[in-house]
Amino acid sequence: MGTEGHSVANQRVVENLASKLRRRQVVGSRETALETVLVLRQVVSKARFSNIDQLVEVIRSVGRKLVDAQPKEHTVGNTVRKVLHHIREEYHTATQGTVLASSSKNTLSISRFVLQGQPRKQNALLKTSADAKGTLKENDPDDPDSFARGLKPVLMEAIQDVLDELETVYDNVSKNAKDHIHSDEIILTIGKSATVEAFLKSAAHYRKFTVIVAETAPSYTGHDMAQSLSSAGISTVLVPDSSIYALMSRVNKVILGAHAILANGGMFAITGSLLAASAARAHSTPVVVCTGQFKLTPQWNLYHEYGALDFADPSSVLGFEEGDLVDKVDVVNPYYDYVRPEFVDAFITNDGDHPPSSVYRLMKEAYDDEDHEL
Amino acid sequence: MKSVFQNVTVNGEASGSQQPPKSQKTMTKAERRELQEKQRAAKAVSKTPGAPGGAANAKGGAKPSVPAPSTPTAKKVRRGTDAAMTKPAGAGKDVLSIVGEDTARGLRIFSHFGLPKPPGQAKGDIHPTIVRLGLQFSEFKISGANARCIATLTAFKTVIQDYVTPPNNTLSRHLMTHLSPQITYLVSARPMSVTMGNAIRQLKLEISGSDIDLPEQDAKDALCRKIDNYIRDRIIIADQVIQETAGKKIKDGNVIMTYARSSVVEKVLLRAHAEGKQFSVIVVDSRPMLEGKKLLAVLSSVGIPCTYLLLPAVGSIITEVSIVLVGAHSLHSNGAVFSRAGTALVAMMAKQHSVPVVVCCETYKFSDNVQLDSFIKNELAPEGDLFSSFPLTRPKNTLTLHGQANLEILNPLYDLTPPTSITAVVTEVGVIPPSSISSIPLALGRTTI
């Protein structure tokens, strides 16, 4: 299999990222996704494999290591799954040509019908199949590297696609911003989500509206958001979280950011999102979530596990300046909220707008079933 | 004249780019007018956020344009105090009724909230106790509906004792006109609470009903006794009954959630603990006032196991809670509870998870009007970090944003919890559903509150 030299170099790169994740030096869905893609690109470029399963296993083990380092950063696992999905696609198109068109059309069955509705992305990659078709030989005893050599260029292209998608997330999400926001609307948002920020700033070019930003204690990221929006010329009102219900009757839309989107259409978002979404539901105000597709996670939070929320430093809630109180009380500071799919009206992603009920289809398209457990 | 100078010194940056202002005397009348116009225009342009710069001016907030003070005055009429309907000092006549069309709609809809202002110069003779009280109100040294009412009534006792009926006048007719400016002064420090309003209305009734033939000192003593009785019956004893009644709802092993700091809920919890019940308390707190910390200190000092968290975390912890106890600022006839901002969120989350929400409230907090949302009547916390509510883990200057273009900072202090989120209200006459509140005064044979 691969020589020790290469695997050591790979290991170092992977270990580096794993320790950064563990120590929280890399934080945030997009940053972690970008770092993961770069690591995977290095791993794939240096990997030696003579059949596809070996490559998949290498990537999977890398993925496992990274996910174990920081299970709460879901985009790490998502990126690994996405890369695996692209690799398998490339492999299929390279070795077998078009898989779908060859299926017999005489028998009509539901399973065939569903299969034919499979990811549209596959067609786009067909163009690379022409030169690689039929020249790949797996497990060649004389030239074990031929397989890898033949396949690697298309693999690198596929990984570059993933990287490009990550880098253009903000632009793509904000493409239709002006259709979602009308003039003189009052929009509520909480926390600082770069996606929502880009969305609002792009809409501000065409429309005049007001944004109410809730402070989002105790991280107070709302302050940064308010500052950034107001310096972009959007009229902003900064309020504490306690007035979300009070102001909701005047709010036209709630726009939130997400940390991760779960398989049932629910999401993890910064604490306070559940409050905002529930209050919006009570006032029948639409709730819209701006996210990139890289946040789609094929996982579930069926039992609303308390431990699934990440926890942050309690001293920002009750610090040591309170003296003897610190000993006597428990302080809870969850960083994320789980928001049920019933509270969200639409996900605006870089690949279009989707209701929570069709998130399962997006997952099917983006990832392969066998990758749900890395 | 004074306004010109004030503008020049305080809002130096508005007109500062030009040459240094000449003194008044050397300017001709035309130049003075031109300077005034320039400053007015400069202020209009730079005043879109309005609030921060406005409050700095001792003349009063930028936001309340002329229609705004009519809302608080209308409310005063409703509460029946016929205090002089003067607008709160310094509000209406400022330069900045120019909340023009370029102010975004979002900022206009908040313009009626009106910013808190420091109490103006005491016009006429305000009793020193009232001046002191007004200062305490405006600095939030005394906060909470019960505390403010008791403080107001106690201060009025002093005023009444010091009062001397002028010749050719009777106490029952003149005392109220004597008290009116004092009340106005208090209102200018902080908008009147429903409790204060109800108490003052009752006081008025007693004053106009006092016997004309009584010697003055006797009449004054009778009034003070009535005030004492009011405090004792409607607040102190009512609280004791509520402690008992609500205490019955607390069982061993319960996890009780409460929001911010209610004096009644504090008493309920302390009494239940003193009776030996084993329960734990979750205190939920939020800016702008962060009052929950004081409640936390009180509860943990007697040994009640407490958990403390901030409002956004409620969603994660609500599944552990057996009952939610909150206090109220006032109750309205449609069953809505007007209470500290954030109570509505806590009640809503609790209702979603089928946790009973119990409001502890005395009957004198009942207000006749129907309030539909939190916008009709609300109060903004003053500028700046009065309550030192930001954590020390972040540098303070990043957290107090002021005076930025396009950015307005609002800190509403109250919100309205709709009756659908409330399970029951505990009063001194029993446990009632929120919609039955309006029948209580009638059931007790009272014609007024």
Side-chain angles (χ1 to χ4, degrees), chain A residues 184 186 190 208-212 215-218 220 223-224 226-227 229-247 249-250 270-275 278-279 282 304 306 309 313 315-322 325 328-334 337-339, chain B residues 48 103-107 109-110 260 283 285-288 293 296-297 300-301 303 305-317 319 340-345 348-349 352 373-375 378 390-394 398-399 401 404-412 414-418 421:
Chain A
D184 255 4
I186 299 186
I190 72 172
K208 205 163 159 50
F209 54 91
T210 307
V211 178
I212 301 181
E215 272 177 350
T216 332
Y220 293 107
H223 284 246
D224 302 327
Q227 208 154 16
L229 287 179
S230 59
S231 45
I234 305 177
S235 69
T236 320
V237 182
L238 180 65
V239 298
D241 319 306
S242 46
S243 44
I244 289 179
Y245 197 93
L247 300 175
S249 53
R250 295 292 188 276
I270 194 170
T271 32
S273 309
L274 184 56
L275 285 180
S278 315
H304 295 217
Y306 184 60
L309 315 167
D313 178 18
S315 69
S316 26
V317 173
L318 193 72
F320 287 100
E321 70 270 14
E322 302 295 328
L325 268 186
K328 301 190 199 151
V329 298
D330 289 331
V331 174
V332 175
N333 188 6
D337 262 346
Y338 170 66
V339 179
Chain B
T48 325
T103 318
R105 170 171 165 244
L107 301 177
I109 68 174
F110 299 128
V283 177
D285 205 5
S286 165
R287 280 200 74 240
K293 275 194 196 159
L296 192 66
S300 51
S301 62
C306 298
T307 308
Y308 180 73
L309 39 83
L310 290 180
L311 186 58
V314 161
S316 346
I317 205 114
T319 45
R340 182 65 69 215
T343 316
L345 285 168
M348 172 191 73
M349 292 302 304
Q352 266 179 17
D373 65 10
S374 326
F375 269 79
N378 210 324
F390 288 117
L392 290 184
T393 47
R394 290 202 31 174
T398 65
L399 290 179
L401 302 169
Q404 307 222 359
N406 292 323
L407 180 63
E408 186 176 339
I409 303 186
L410 286 183
N411 293 317
Y414 293 107
D415 72 5
L416 194 77
T417 310
S421 303

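On a predicted model such as this, the values are computed, not experimentally measured, just so you know. Chain naming here is simple, since letters A, B, ... match the order of the sequence lines and numbering starts at 1 in each.
- Both the backbone and the side chain of B/T307 have a heavy atom closer than 4.5 Å to some heavy atom of chain A.
- Looking at B/P312 and A/P218, their side chains never come closer than 4.5 Å, going by heavy atoms from C-beta outward.
- Nearest heavy-atom pair across B/L345 and A/S242 is CD1-O, 4.1 Å.
- Taking the side chain to side chain donor-acceptor pair (under 3.5 Å) definition, one finds that A/T271 meets it with nothing, sequence neighbours left out.
- Heavy-atom pairs under 4.5 Å with chain B peak, among A/S231, A/A232, A/G233, at A/G233.
- By the 4.5 Å heavy-atom criterion applied to side chains, B/M349 and A/S278 are counted as neighbours.
- Of the listed residues B/A260, B/S301, B/S421, B/P418, the one with more heavy-atom pairs under 4.5 angstrom with chain A than any other is B/P418.
- Taking both residues in full, the closest heavy atoms of B/A405 and A/S230 are given as O-CB, 3.6 Å, listed atom of the first, atom of the second, then distance.
- Considering only residues two or more places apart in sequence or on other chains, B/D415 meets the side chain to side chain donor-acceptor pair (under 3.5 Å) condition with none of them.
- Residue A/I212 touches chain B through its side chain alone, counting heavy-atom pairs closer than 4.5 Å.
- To the nearest 0.5 angstrom, A/S235 atom OG is 10.0 Å from B/L407 atom CG.
- Contact check for B/F375 versus A/L247: side-chain heavy atoms found under the 4.5 Å cut-off.
- The closest side-chain heavy-atom distance from A/L318 to B/K293 is below 4.5 Å.
- Distance CD/A/E215 to OG/B/S286: 8.0 Å, rounded to 0.5 Å.
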### Task
Report the C-alpha separation of A/S243 and B/L410 in whole Å, then their side-chain angles, then the decisive distance to 0.1 Å, and conclude whether the side-chain contact (heavy atoms from CB on, under 4.5 Å) test is met.
CA-CA 9 Å; A/S243 44; B/L410 286 183; over 6 Å; no

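- The two residues B/M348 and A/L275 have their closest heavy-atom pair at CE-O, 3.9 Å.
- Here CZ of B/R287 is found 9.0 Å from CG of A/D241. Values are rounded to the nearest 0.5 Å.
- With a threshold of 4.5 angstrom between heavy atoms, B/L296 approaches chain A through its backbone and through its side chain.
- Between the OH atom of A/Y245 and the CG atom of B/D373 there is a distance of 10.5 Å, given to the nearest 0.5 Å.
- Put simply, CG on A/D330 and OG on B/S300 are 11.0 Å apart, with the number rounded to the nearest 0.5 Å.
- Heavy atoms of A/A282 lying under 4.5 Å from chain B belong exclusively to its side chain.
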